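Everything on this sheet refers to the single structure shown next.
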Amino acid sequence: MEPQLIAWETPVFDEIAVA
Amino acid sequence: MIPGSDRPRLARHVRLVWSPARQQHVLQLPETVVVLNPTGAAVLGLCDGRTTVGAIVDELATRYRDVPGDEVRLFLKSLVARRCVEMADD
């Protein structure tokens, strides 16, 4: 049986500064 | 654009960890937290300094439908620019 593939989402990141 | 033969790895001062508070993977740096979406975390989880960008895209294609290599390369390029990711020397 074919493995279930996950829908692709564009990889993104969000940068958060830490004091 | 990053060549498919490059071998990315996390920079020395960067750690990829699961954040229980956010329920997301994040990169920890000395004065920054970089919050990742699931595919971003999947890409970085394969950046071990030995696997080429091309092989990373191939591996992702075994888990995800229709993986655009350009998106993976652009994502890595952005993180190289922020010094979170570096390319392993030969």
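In what follows, every chain begins at residue 1, and chains take the letters A, B, ... in the order their sequences are listed. The structure displayed is predicted, hence computed values, not measured ones.
Side-chain contact between B:Ser78 and A:Phe13: present, with at least one pair of heavy atoms (C-beta onward) separated by less than 4.5 Å. When side chains are defined from C-beta on, B:Phe75 does not count as touching A:Val12, because their heavy atoms never get closer than 4.5 Å. B:Arg22 is listed as a side-chain neighbour of A:Ile16, based on a closest heavy-atom distance under 4.5 Å.
Taking B:Val34, B:Leu36, B:Leu44 one by one and counting their heavy-atom pairs under 4.5 Å with chain A, the maximum is reached by B:Val34.
Contacts between B:Asn37 and chain A at a heavy-atom distance below 4.5 Å involve backbone atoms as well as side-chain atoms.
Enclosure of atom CD in B:Gln23 by more than 12 non-hydrogen atoms of other residues, nucleotides or ligands within 6.0 angstrom is indicated.
B:Leu79 and B:Val26 fall into different hydrophobic clusters, where Ile, Leu, Val, Met, Phe, Trp and Tyr are joined by side-chain heavy atoms under 4.5 Å apart, directly or via other members. Criterion: ILVMFWY side-chain heavy atoms under 4.5 Å apart, direct or through other members. Under it, B:Val80 and B:Val72 are part of a common hydrophobic cluster.
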query: Can you list the steps and then say if B:Val33 with A:Val18 is a side-chain contact (heavy atoms from CB on, under 4.5 Å)?
result: CA-CA 7 Å; B:Val33 172; A:Val18 177; 3.8 Å; yes
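Listed by sequence position, B:Leu60, B:Ala61, B:Thr62, B:Arg63, B:Tyr64 are the residues of residues 53-64 of chain B in contact with chain A, using a 4.5 angstrom heavy-atom cutoff.
For residues 9-19 of chain A, the salt bridge (Lys or Arg N to Asp or Glu O under 4.0 Å) pairs, not counting sequence neighbours, are A:Glu15-B:Arg82.
Looking only at distances, no side-chain donor or acceptor of B:Arg65 sits under 3.5 Å from a matching main-chain atom of A:Ile6.
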